[in-house]
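Read the numbers this way: they start at 1 and go in the same order the structure lists the ligands and their atoms.
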Amino acid sequence: MKSYTVSELLSQNIAPNTEVEIKGWVRTFRANRFIALNDGSTLSNIQCVVDFENFDEALLKRITTGAAVHIKGDLVESQGKGQTVEIQATFVDVLGDSDPETYPIQPKKHSFEFLRENAHLRTRTNTFSAVMRLRSALSFAIHKYFNENGFYYMHAPIITGSDAEGAGEMFKVTSLDSKNPPLNDAGEVDYTKDFFGKETNLTVSGQLEAETYAMSLGKVYTFGPTFRAENSNTSRHLAEFWMIEPEVAFMDLPGNMDLAEDFMKSVIQYVLENNKEDLEFLDKRLQDEDKKKPQAERSPMTLIEKLKFVTDNNFKRVSYTEAIDILRNSKPNKKKKFKYIIDEWGADLQSEHERYLVEKHFNCPVILFDYPANIKAFYMRLNDDGKTVRAMDILFPGIGEIVGGAQREERLDVLKQKMAAIDIPEEDLWWYLDLRKFGTAVHSGFGLGFERLVMFATGMTNIRDVIPFPRTPQNAEF
Ligand code: 4AD
Ligand code: MG
């Protein structure tokens, strides 16, 4: 007798009356007869029909929601509605009981807040299993895209001595005794006595290290965890998130935009083709949610329509300067509806502005480029105007910023000046400067926030619901 997954049983056109074997978790047990069994391989359950006359009553009592069971039987055409095949069970064993009084995941709707508190069990629900299967598919699609396009996968270090973004939002890594650290003559903590002999942190970005590999291997990307100790308790920020960072030698900013757009379309296309069932489920869930809202707040497009819109339409490319003009003359700005009023060129864009541009003005993904130098990181290439840099941010509807990237400053003298202006000591980044001393060249890259992509692809509106165990201020459970 062969062992199958639910996905195999439902998709493989197995001959009627084949003897099959399956293991999974009980979703429901109805009328002492029908087990809806799920094993995570697919959204669907397989129905297992138990003739209670033939089974011990004590055993039947143990078939409860959440229990792990082992079932053998014949795969037959289903008599009932809702499924094509079902298993006529001849053998049932309860591998792991689940007390129905205390099992948190009852067969009813639970709030996402409740499920966050039970994140260790939430993938036993349809919504979270669908989201996490999509998360897995998207990561595969990302590796596939880069692999098929001649990129090498590079593992950037997680413990680092440099602050790539210069924003000072790093988590310290130390093995010193926090109660009694060694002090130097000035009375400060003496990090020369620490594990690495210097101050180290968890990385905020693998970009600087990726640049070193781009300048030798040509086309590379990183895909790893990054950490930011920013105290922003929003639905779009995590303290630990995953970032994809391609970096390419001899590529300028327009090339960077082309790459980012092609890449994002390709991974979204992948899930549209390969994850239909989960997407259709999430799409329907969102439509049901939408129906509860007042007409004006309802989404004009369904989830799948939104995904197709991205794959089928060009991203709008707009300079920062044009964007500021649009915002300055916008209704919410004139009526002082924005929290931060845009009155001058040079203002940093807040998420309310980004969302206005994407959701109200352009109604499509937008690539903003050529930002003022002083609101962007030190490594971005200075334009000839002396005040803007070759930065690009990609803004998505419902998400806001999903990608941040740039053409890098490849000129040694300009880079040194920029570092000096914000007090980054040259000796801290001597190796980064070396790239500009030996065979420097135009190069570019970007960072895609993986969880923000998963949010977009699943329609989930809180970033805590698209990563297995979210790390946010005051929360590192599990
Ligand atoms: O714009 P950011 O800060 O860019 C960089 O880190 C560059 N070094 C990337 C590069 O050029 N190689 O971050 C990139 C993306 C953002 O656009 C956003 O999608 C995501 O990372 N991101 C976060 N996602 C979740 N939680 C946070 N706290 C995030 N901070 C940034
Ligand atoms: Mg950014």
Side-chain angles (χ1 to χ4, degrees), residues 135 138 142 146 151 154 156 160 162-171 202-214 219-248 251 253 256-257 259-260 263-264 320 348-351 353-354 358 365-369 371-372 375-381 389-396 398-409 429 432 443-457 460 462-467 470-473 475:
R135 184 181 164 108
L138 282 166
I142 287 163
F146 287 124
F151 284 71
M154 180 234 178
T160 168
S162 50
D163 180 358
E165 292 305 298
E169 292 165 337
M170 308 188 83
F171 288 101
L202 292 178
T203 187
V204 295
S205 156
Q207 177 198 322
L208 304 192
E209 290 89 353
E211 279 186 54
T212 71
Y213 269 49
K219 297 206 269 184
V220 300
Y221 72 105
T222 72
F223 186 175
T226 51
F227 307 86
R228 294 192 188 180
E230 53 190 333
N231 207 353
S232 30
N233 226 329
T234 78
S235 57
R236 302 179 312 128
H237 287 87
L238 291 166
E240 176 181 285
F241 63 100
W242 288 65
M243 195 162 24
I244 297 101
E245 297 185 272
E247 192 69 34
V248 181
M251 184 174 78
L253 191 69
N256 205 19
M257 294 183 197
L259 172 66
F263 163 63
M264 298 193 64
Y320 166 90
D348 202 353
L349 299 186
Q350 305 296 325
S351 79
H353 308 126
E354 296 175 344
V358 175
V366 174
I367 310 184
L368 287 186
F369 61 93
Y371 281 75
I375 59 170
K376 287 291 181 188
F378 73 96
Y379 51 71
M380 299 189 181
R381 193 185 194 284
V389 285
R390 305 242 79 191
M392 65 172 209
D393 276 7
I394 303 184
L395 316 178
F396 260 38
I399 306 288
E401 182 193 331
I402 193 163
V403 162
Q407 184 177 319
R408 318 306 186 187
E409 184 53 75
L429 286 178
Y432 192 68
H443 62 288
S444 305
F446 61 85
L448 166 68
F450 184 52
E451 283 73 23
R452 294 196 185 167
L453 174 69
V454 182
M455 285 174 81
F456 182 73
M460 299 298 277
N462 193 317
I463 200 164
R464 293 166 181 79
D465 296 332
V466 299
I467 188 165
R471 270 74 181 100
T472 50
N475 173 44

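Taking each of Gln207, Arg228, Glu230, Glu451 in turn, the one with a heavy atom nearest to atom 28 (N) of ligand 1 proves to be Glu230. For atom 24 (N) of ligand 1, the nearest non-hydrogen atom from the set Phe396, Phe241, Phe227, Tyr221 comes from Phe241. Of the candidates Glu245, Arg408, Glu247, it is Arg408 that places a heavy atom closest to atom 11 (O) of ligand 1.
No donor-acceptor pair under 3.5 Å is formed between the side chain of Arg408 and the backbone N or O of His443. In terms of modelled atom types and a separation under 3.5 Å, the side chain of Arg135 and the main chain of Val454 share no donor-acceptor contact. Not one N or O on the side chain of Glu230 forms a donor-acceptor pair closer than 3.5 Å with the backbone of Glu169.
The shortest contact between atom 15 (C) of ligand 1 and any protein heavy atom is with Gly447 O, 3.6 Å. Counting protein heavy atoms only, atom 19 (O) of ligand 1 is closest to Ile402 O, 2.8 Å. Of all protein heavy atoms, the one closest to atom 17 (O) of ligand 1 is Glu401 OE2, 2.6 Å. The protein atom (non-hydrogen) at minimum distance from atom 18 (C) of ligand 1 is Arg452 NH1, 3.5 Å. Of the protein's non-hydrogen atoms, Gly449 CA, 3.6 Å is the one closest to atom 20 (C) of ligand 1. The shortest contact between atom 4 (O) of ligand 1 and any protein heavy atom is with Glu165 OE1, 4.0 Å. Nearest non-hydrogen protein atom to atom 26 (N) of ligand 1 is Leu238 N, 2.9 Å.
Using a 4.0 Å heavy-atom cutoff, Gly405 is listed among the residues neighbouring ligand 1. A heavy-atom separation below 4.0 Å is found between Ile463 and ligand 1. Using a 4.0 angstrom heavy-atom cutoff, Tyr379 counts as in contact with ligand 1.
Ring geometry for Phe263 versus Phe446: interplanar angle of 30 to 60°, hence tilted.
Once rounded to the nearest 0.5 Å, the distance linking CE of Met154 with OG1 of Thr222 reads 7.5 Å. How far OG1 of Thr203 is from CD of Glu165: 9.0 Å, rounded to the nearest 0.5 Å.
The Gly404 neighbourhood of ligand 1 comprises atoms 1 (O), 9 (C), 10 (C), 11 (O), 17 (O), with distances under 4.0 Å to a heavy atom of that residue. Listed by number with element, the atoms of ligand 1 under 4.0 angstrom from any heavy atom of Arg236 are 25 (C), 26 (N). Listed by number with element, the atoms of ligand 1 under 4.0 angstrom from any heavy atom of Ser205 are 6 (O), 8 (N). Remark: ligand 1 atoms within the under-4.0 Å shell around heavy atoms of Val403 are 17 (O). In the vicinity of Met243, heavy-atom distances shorter than 4.0 Å reach the ligand 1 atoms 6 (O), 13 (O), 14 (C), 15 (C), 21 (O).
Heavy atoms from both the backbone and the side chain of His237 come within less than 4.0 Å of ligand 1. When heavy-atom distances to ligand 1 are checked against a 4.0 Å cut-off, Phe446 comes that close only through its backbone atoms N, CA, C and O.
Metal site remark for the Mg ion (ligand 2): Glu401 contributes an N, O or S atom at a distance under 2.8 Å.
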Review point. Should Asn256 and Gln407 be marked as a side chain to side chain contact (heavy atoms under 4.5 Å, CB included) after you check the CA-CA gap, both sets of side-chain angles, and the distance that decides it?
Key: CA-CA 8 Å; Asn256 205 19; Gln407 184 177 319; 6.0 Å; no

Check your understanding: Can you check side chain to side chain contact (heavy atoms under 4.5 Å, CB included) on Glu209 and Ser162, steps first, answer last?
Key -> CA-CA 10 Å; Glu209 290 89 353; Ser162 50; 4.3 Å; yes

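The one candidate from Val403, Ile142, Leu138 that meets the side-chain contact (heavy atoms from CB on, under 4.5 Å) condition with Ile244 is Ile142. With Phe450 as reference, Phe223 is the one residue of Phe223, Phe456, Trp242 to meet the ring-ring contact (aromatic ring centres under 6.0 Å, His included) rule.
Applying the 6.0 Å contact sphere to OH of Tyr213 captures no more than 12 heavy atoms from other residues, nucleotides or ligands.
Neither side chain, Tyr379 nor Glu211, offers a donor N or O lying under 3.5 Å from an acceptor on the other. Residues Thr234 and Ser232 bring no donor and acceptor atom of their side chains to less than 3.5 Å of each other.
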